[in-house]
Each structure stands twice: as structure tokens, then as C-alpha cells.
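To keep things clear, I will list the structure first and then write my remarks on it.
All figures in this text were calculated on a predicted structure; none of them were measured in a lab. Whatever order the structure lists ligands and atoms in, that order sets their numbers, starting from 1.
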Amino acid sequence: MTQPRNETIFTLTTGPVNCYPAVLQALGRPVLYDYDPGFLETYSRVSQKAMAAMQTSVPPIILQGEPVLGLEAAAASVVSPDDVVLNLASGVYGDGYRYWLEPRCREYLEIRTPFNEAIDPDAVAAMLEQRPDITVVAVCHHDTPSGTINPVAAIGALVAKSRAVFIVDAVSSFGGMEILPDAVHADIFVTGPNKCLGCPPGLSLLAISAKGWEKIKSNPRAPKASILSILDWEHAWRPDQPFPFTPSVAEINALEAALDLYLAEGAQVVWARHAATAAACRAGIKAMGLTLWAAREEIASPTATAVALPLGVDETALRRIMRDDYGVMISSGRGETHNKLVRIGHMGPTAQPIYALTAVAALGAALNKLVAGACDIGAGAAAVIASIDAS
Ligand SMILES: *Cc1c(COP(=O)(O)O)cnc(C)c1O
């Protein structure tokens, strides 16, 4: 290629992801005054649709910032100076949650795995038995910088039998695979519309159980009159209740469009579309001669595929060739996984099996420019198509 393309045509990242066209249209709708009866109705309706998507019995809390706000708010609202906290760290996000937990609690405990592995529920069971004084357990469901999934339902069933409340980061898995707050016994379930729901970053969604509310309300340190407050927004979904401050009107409109698409397509169909895309991608990566980052394929995420970098390949150089020569943008590793892997997202609009072909071909071609003969692109492409045909 003589002239670098130097623009992105396919954003196949792990978030932010490209938005659905209907979401972009909704962002462009007139911005109503937040106490306009039309917007009050919209806000209440969006809360109900979010509740339907999350299959909870009360509407989720919508916080006004991308999901890191929801995660910090969860720690700030739940954790009190009396708490003994168990954090489950199998990747960069799970590990990083320590930053918000540790300064707020009496004692911080941790179970760690290598960042290409998943948490073993037996280890959690043993820890809960040994330390019945644990009052908070936190886990990241899909640790995106590793593309690996933790067995949250099994862990949640154990935590539910203890006195502890269970905080789950499901930011990059909710909407792209089967993960529902009540089914996994989550007490504070944090997600956002900017990954698998195909919205721009800007909001957090928090589903909170009765046990979760009880814990938050009994915590004298739970923020109030603060951007971190969950309590401030408890009743905001009711049309007769005031907002604590101005909601992001345009983002709420966009969220409604995304929820409409999700509910109309049907959760099972959406999840299958993500799973089929990831399966095709993994098949292509392996057939091309590359290695998945996940230690075991069973823990590889349906919403992102992490590919181990061949020795000596620089991720920045690789991703630059992919973008400049082919117009394909994928994600790098983060923190401890930086320069050890690259990641292809299958989230929302890009969870379409045929996108795996674009990702595999562009990755293989770029790698071959750095290491001659590294990838058999033909074999990779054939495996992607075979996987799509079989799904
Ligand atoms: C994307 C994501 C978040 C939000 O974090 P940002 O880095 O600000 O996008 C939180 N947790 C997980 C698991 C995520 O994938």
C-alpha cells in the first residue's frame, strides 16, 4: 500500500465501541428541559426499559458518568470502616478495584490468579468459611484487559449464603452474554451502555438488591449530595420525584434507543450473535497460527478476544499498521497485559460474525509485515467462515 489510509473504517475495539445508527439519531434529538413533562416521562420509561433488560424488580440507578463512576460509587456507598472486604483479582480491572476498596475498609483480603486465568469458586468458598467476618465481596465478571470471564454465578451463590454483599463489575459483559443481576446474586451490579449496548460512554447503570440497599443505607459514609452518590438517585425514576441534578438528557435518549434495539432483538438472540462472533474470531486466530491469551478457551469472553502477541512484536507498531494500512482499529492490553496481547471487541453493533473476518485478516496481514510468514491468513479466513457456517 503506497498511501496510508490513515483513517478508521472499522472500530473493532473493546470499548468505547461504535454506536448503533439509531443511537446516534437519538443523540441528535431536541434536548428538552429536564422538568419538561415529556422528559420526565422519557426518564421514567427508560428506567422501566432498563429494568426489563436487566430483569430486576426495581429500576436500576442511572449515574451520570461512564461506568468507572458507577464502580467507584458502589465502593464508596457500600464499604464502611467496619467492613472486611474480599476482592477477587483475575485481571487489571478486578485488581484495580482495590484502589477504591482498601482505603475505606477495616481489612482488605484478596484472592488473585494469573491474569490469563479465572477465579476458582472453591477458593472463594474456602475463604468465606475461614473468614465468616467478610462483609463485602467484589469481582469483575469480564476482565476486559484479559478477555477472560469469571464464574460469577457460582461465586454469587456462595456469597449469598454468607452475610456479605456482592459487588459485580459487569460493564463489558452485560448485554453481550447471559449475565443478569438477580441470577448471579449480585447486590450491587454495575454496568453501562457504552460496551455491549452500543452507546457512547457517559452513563452507568446500577442494579441494587434489597440486601444491597440495606448495606448502603446503614453505611454512615455512603455519599450524599455528591457526584458519587447512589442514594441521591434512589427515587429519580419516579416522575413525581425531583432529580438531584440535571440528568444527561441526550444520553438518556440514546440509552432508550439502545434498549429498544436490545429488547426488540431479544436477549437470547443478541447473546448468540456475540458468542458466534467470538467463536469465529477464536477459530480464525488459532487457524492462522496465533495463540489466545486465555489459559483455557472455556474462559475466553464472548464479547472480546484477547490474542497473545508473538514474542518481540510491539503492539503499537502492530495496531498502527492495522489502522493505517487497513482502516481497522483494535484495542491494546492495559496495565499488566500491556504489550502482551491485543484485543478484538465483539460488542453491540460489531458483534456480527462477519466482522471476525475483517479483524482476523487485518491482524494477520499486519503481523506478516512485522514478522514475515507469522500468519497463514488464508487458513484463518477459512476457519472464520467455517465457524460462521457451523453456527
Ligand atoms: C470499560 C470497563 C469499565 C469502564 O472503564 P473505562 O476504562 O473507563 O472504560 C469498567 N470495568 C470494565 C470491566 C470495563 O470493561
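Taking every heavy atom of Ser172 and a limit of under 4.0 angstrom, the matching atoms of ligand 1 come to 13 (C), 15 (O). Taking a cut-off of under 4.0 Å to the non-hydrogen atoms of Thr144, the atoms of ligand 1 that pass are 12 (C), 13 (C), 14 (C), 15 (O). Contact atoms of ligand 1 toward Val68: 4 (C), 5 (O), 6 (P), 8 (O) (distance under 4.0 Å to a heavy atom of the residue). Under a 4.0 Å criterion applied to the non-hydrogen atoms of Leu71, ligand 1 contributes the atoms 10 (C), 11 (N).
Panel note: side chain Asp232, backbone Pro244; no donor-acceptor pair is recorded below 3.5 Å.
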Given Glu7 and Arg323, is the salt bridge (Lys or Arg N to Asp or Glu O under 4.0 Å) satisfied, shown in steps? CA-CA 7 Å; Glu7 72 175 316; Arg323 180 180 181 275; over 6 Å; no
Give the C-alpha distance, both sets of side-chain angles, the deciding distance and a yes or no for salt bridge (Lys or Arg N to Asp or Glu O under 4.0 Å) between Lys195 and Glu66. CA-CA 10 Å; Lys195 301 280 169 82; Glu66 74 94 43; 5.9 Å; no
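Residue contacts with ligand 1, taken as heavy atom pairs separated by less than 4.0 Å, do not involve Thr14 at all.
For Arg131 and Glu107, the salt-bridge test passes: some basic side-chain N is under 4.0 Å from an acidic carboxylate O.
Residues Trp237 and Phe243 place their aromatic rings such that the two centres sit no closer than 6.0 Å. The aromatic ring centres of Phe189 and Phe166 sit 6.0 Å or more apart.
Among the atoms of Tyr93, some N or O lies under 3.5 angstrom from an N or O of ligand 1. In terms of polar-atom proximity, defined here as any N/O pair under 3.5 Å, Asp143 makes no such contact with ligand 1. Of the N or O atoms in His142, none lie within a sub-3.5 Å distance of an N or O in ligand 1.
Ser301 and His142 form a side-chain donor-acceptor contact under 3.5 Å, judged by distance and modelled atom types alone.
The nearest protein atom to atom 14 (C) of ligand 1, hydrogens excluded, is given as Lys195 NZ, 3.0 Å; this is a heavy-atom distance. Here the heavy atom of the protein found nearest to atom 12 (C) of ligand 1 is Asp169 OD2, 3.5 Å. Of all protein heavy atoms, the one lying nearest to atom 9 (O) of ligand 1 is Glu66 OE1, 3.3 Å.
Rounding to the nearest 0.5 Å places CG of Leu367 at 5.5 Å from CG of Leu290.
Assignment of Cys140 to the shell around ligand 1 is supported, since a heavy atom sits closer than 4.0 Å.
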